[in-house]
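Numbered from 1 within each chain, the chains take letters A, B, ... in sequence-line order. Computed over heavy atoms, backbone and side chain alike; hydrogens, waters and symmetry mates excluded.
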Amino acid sequence: MKRYLFIVSRSPYGSSVVLEQLETAMVAAAFDGDVAILLRDDGVWNLQQHQSGDALERQTLAKVLSGLPSYEIDRLYVCASSLQMRNVAIDQHLGFEAVDYPAQQALIRNSDVVIGGQP
Amino acid sequence: MIYALAVHGAPYSSNAAEHAIGFAEALLACGHQIERVFFFHEGVYHSLNSHVPPQTRYNVNLARRWQSLHSGGIELAVCIASGIKRGVVNETEQERYDLPSDTLSKTFELVGLGQLIGAIATADRYVEFPA
């Protein structure tokens, strides 16, 4: 079984990239992968409280994130520094753990495959 | 070593393909194997059957270079979800959605995301070429 780390660094509604990354993560989990997700840079906006994709006729990304544990994706991390820099009020119910840079280094080091790290 | 590659950038607007093709050719020259090249996001535009390369003094013909890799036995797989919403359809999808013609080049095939994960799971290395 491979250990996957998906790094999400895009904001939620500026493109379809985040949704497609999350779909890929779900497929990896469905194929017995051990999947972790790290939100960083503008990717931390995906955790913003009270967001709704309805106004844009798009799926609400926070809802997609809240469904990850049902795909057995429960290693969920967010970059503490990116959060602090943007002052994002995150939805605590989504269960993402804030981690510092050394913890992120360890996450990358302990993964077999790192996907989608580009800004 | 076995490699899986993914191309995310569109032809003639991103350098993703030039880098991916160059990397793939170098891998083969060094005796490595390529499990699959997966086209995702705007990378799916590489698989359209209607490209006209820009007429410049360099005449880079990406379609011909992909064709050449494909002739060498490399599988070129296009994400079906990313593809059909951008107008990349094979005969089956053309009929399903009642479209005037198919648009997928014969060099490529439409597949599900499972084929990306399958390639990554098999490969020793996975390399992405972003937009």
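The backbone N or O of A:Ile115 sits nowhere less than 3.5 Å from a side-chain atom of B:Glu128 that would complete a donor-acceptor pair.
One hydrophobic cluster, built from ILVMFWY side chains closer than 4.5 Å, cannot hold both B:Ile2 and B:Ile74; they sit in different ones. Linking ILVMFWY residues whenever their side-chain heavy atoms come closer than 4.5 Å, directly or via other members, leaves B:Val52 and B:Tyr45 in distinct clusters.
We find the CD-CG distance between A:Glu20 and B:Leu113 to be 8.0 Å, quoted to the nearest 0.5 Å.
Counting heavy atoms of neighbouring residues, nucleotides and ligands inside a 6.0 Å radius, atom NZ of B:Lys85 exceeds 12 of them. Heavy atoms of other residues, nucleotides or ligands lying less than 6.0 angstrom from CZ of B:Arg125 number 12 at most. Residue A:Glu72 places its CD atom among 12 or fewer non-hydrogen atoms of other residues, nucleotides or ligands, all under 6.0 Å distant. In B:Phe23, the CZ atom is crowded: over 12 heavy atoms of neighbouring residues, nucleotides or ligands sit closer than 6.0 Å.
Contacts between B:Ala123 and chain A at a heavy-atom distance below 4.5 Å involve the backbone alone (N, CA, C, O). The contact between A:Val27 and chain B is made by backbone and side chain atoms together, counting heavy-atom distances below 4.5 Å.
For the set A:Asp32, A:Thr24, A:Asp112, the entry with the most heavy-atom pairs within less than 4.5 Å of chain B is A:Thr24.
Nearest heavy atoms, B:Ile117 versus A:Ala28: CD1-CB, 3.6 Å. Here the closest heavy-atom approach between residue A:Lys2 and residue B:Ala121 is recorded as CE-O, 3.5 Å.
B:His41 has its side chain out of reach of A:Ser15: every pair of non-hydrogen atoms, C-beta onward, lies at least 4.5 Å apart.
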